[in-house]
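In what follows, a structure is listed as structure tokens, so that the remarks can point back to it.
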Amino acid sequence: MTDKITITVLYYDAPISLTIKTEVLTNITQTKDKRIVLPHDYKKAKVIVAVFEGDCQMLNFLGERAIH
């Protein structure tokens, strides 16, 4: 059995990028053992750093100050 959830992906464009990016994906498959199944086409040309549950907003990264 699988569930559909919303996730936020933290990634770099591949092969080389110095800019970290985030993207919210909806209706992503999560297996009963809680593994996330990202579509193969989505993973192309990306270096996935982290996957978070829910719609997360990155406030700062790599030493930047949070401006809110």
Side-chain angles (χ1 to χ4, degrees):
M1 186 166 130
T2 59
D3 292 322
K4 298 290 186 175
I5 65 169
T6 297
I7 62 170
T8 300
V9 180
L10 185 67
Y11 68 94
Y12 291 99
D13 288 325
I16 298 174
S17 175
L18 297 177
T19 305
I20 199 162
K21 297 180 180 181
T22 62
E23 187 171 354
V24 176
L25 304 175
T26 58
N27 294 319
I28 297 299
T29 300
Q30 181 181 39
T31 65
K32 71 177 184 175
D33 61 350
K34 304 296 182 188
R35 294 187 66 96
I36 302 300
V37 181
L38 291 174
H40 182 68
D41 287 345
Y42 179 78
K43 295 188 290 185
K44 282 184 183 175
K46 289 182 179 72
V47 176
I48 306 292
V49 176
V51 177
F52 301 96
E53 185 175 1
D55 184 345
C56 302
Q57 187 166 6
M58 187 169 51
L59 299 178
N60 67 331
F61 61 95
L62 297 175
E64 289 189 354
R65 289 184 152 192
I67 300 173
H68 193 65

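Just so you know, residue 1 is the first one in the sequence shown, and it goes up from there. As a basis for the values below, the full set of heavy atoms in this structure was taken, side chains included, without hydrogen atoms, waters or symmetry mates.
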Between V37 and T31, is a side-chain contact (heavy atoms from CB on, under 4.5 Å) present by the stated rule, with each step listed?
-> CA-CA 8 Å; V37 181; T31 65; 4.1 Å; yes

Share the residues that join V51 in a hydrophobic cluster, the rule being Ile, Leu, Val, Met, Phe, Trp or Tyr side chains under 4.5 Å apart at the heavy-atom level.
-> I5, I7, V9, Y11, L25, I28, I36, L38, Y42, I48

Remaining members of hydrophobic cluster (4.5 Å side-chain criterion), I16 = none

Look up atom OG1 in T22 and atom CG in D55, then write down how far apart they are to the nearest 0.5 Å.
-> 9.0 Å

Rounded to the nearest 0.5 Å, what separation is found between the CD atom of E53 and the CD atom of Q30?
-> 6.0 Å

Sorted by chain and residue number, the salt bridge (charged side-chain N to carboxylate O under 4.0 Å, His left out) partners of K4 (sequence neighbours excluded) come out as none

Contact summary for C56 and V24, nearest pair of heavy atoms | O-CG2, 4.4 Å

Identify the two heavy atoms, one from Y12 and one from T19, that lie closest to each other, and give their separation to 0.1 Å.
-> CD2-O, 3.5 Å

Any salt bridge between K46 and D13, counting N to O under 4.0 Å?
-> no

Below 4.5 Å, heavy atoms only, C-beta onward: do T8 and M58 meet side chain to side chain?
-> no

